[in-house]
Amino acid sequence: MRRIKVAAAQLGPIHRHTERKETVTRILHLLDDAAKQGATMVLFPELAFTTFFPRHLLSPEELDSFFLHGDLAEEPSLQAVINHAKVLQLDVCIGFAEHTTGNQYFNSCVYASNGRIVSKYRKVHLPGTFEPYSAPDAVHHLEKRYFTPGDLGFKAFAAQEAVVGMMVCNDRRWPEAWRVLALQGTEVVLCGYNTAGYAPDLWGSSKGQTVAEAAKEAMFHHKLVMQANSYMNATWSVCAARCGWDDDKYMMIQGSMIISPQGVIVAESATMGDEVVVADIDLHACEQGKTKTFDFARHRRTEAYGLITSQTGVVNVQ
Ligand code: ING
């Protein structure tokens, strides 16, 4: 019987000028809480050390302050988390803004076990724009300006007797990401996210939508993609939110969850603050989907799918 007690470590508001050490302390407390509840694999959100800074058009200096720089094995914030997880004997997956020794900038996450980085992922699907929105009061979404698309692909890896895969935030809206991981036998998908509850410039809004209505729709789409893609790829998934009101102005949705290979939400956060959501998952639950409905070897017809990788955008047939 292969079981893992997984945890989604949700982080509430982090403001533009929140001190890094304060955030690291919160992260360490969440690790303690997860360990107390018996978790052995803990997922933190995307960009877990900072506010969601791509919402701002930033000076080079301020932008630089939001990145972790250089050799990750020497990076103090990340090492504090990885070492604390080692002491607590649990694995940790955490997202951060990565400035590499090769002077590249990625929206990254790592999976660490026993004090060492086991796998690294760099966000492939960067939503938003390169240029700021023109509306004077717009809330920007400048991930294409601040990050390069990930260059590591979607690589599953072994951890705690499971096949694990990582993705970040917007990736969860793209079925290709899930399918590439599932084609490697992935049984647990880990996805940290920062999702605005109201971002009309980013995704548009139906006429006169209120903040509450927009946030409700954002939560609906968040759950839709997590549940549907978990089901269609017969994999467990864990997602962890950075949420609440950043700078008391920018609302980010909660919705940290653990979802079964049948697409069922088995655990979900109850607050918009720091909170650990835990579930004891049975990896055998993936078998039904992987050997019946979604037995890829028996059912997929790759000869019919060529456009998915040969063509990027829409080419109208008229
Ligand atoms: N945030 C959002 C996300 O994919 C978004 C961006 C939201 C794009 C809704 C389109 C629609 O959850 C990040 N950080 O990707």
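Remember, it's 1-based here, ligands and their atoms both numbered in the order they're listed. What you see is a predicted model; the values in this text were computed from it and never measured.
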Proximal protein residues to ligand 1, non-hydrogen atoms under 4.0 angstrom:
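Around ligand 1, where the cutoff is 4.0 Å for heavy atoms, the contacting residues are Glu46, Phe52, Lys123, Pro127, His141, Glu143, Cys169, Asn170, Arg172, Arg173, Asn194, Thr195, Leu202, Trp203.
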Given Glu161, His284, Glu187, the one that forms side-chain hydrogen bond (donor to acceptor under 3.5 Å, both in side chains) with Arg2
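The option that passes is Glu187.
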What's the verdict on side-chain hydrogen bond (donor to acceptor under 3.5 Å, both in side chains) for Thr271 and Glu275, showing C-alpha distance, side-chain angles and the deciding distance?
CA-CA 7 Å; Thr271 71; Glu275 177 182 349; 2.6 Å; yes
Partner of His141 by ring pair (Phe, Tyr, Trp, His ring centres under 6.0 Å), out of Phe53, Tyr250, Trp203, Phe52:
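Exactly one candidate clears the test, Phe52.
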Test item: Asp246 side-chain N/O and Ile14 main-chain N/O as donor-acceptor pair under 3.5 Å:
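Checking the backbone N and O of Ile14 against the side chain of Asp246, a donor-acceptor pair under 3.5 Å is found.
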Would you mind reporting whether His69 and Asp64 have side-chain heavy atoms less than 4.5 Å apart?
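Yes; the side chains approach each other to less than 4.5 Å.
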N-O pairing of Asp151 and Arg122 below 4.0 Å
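Yes.
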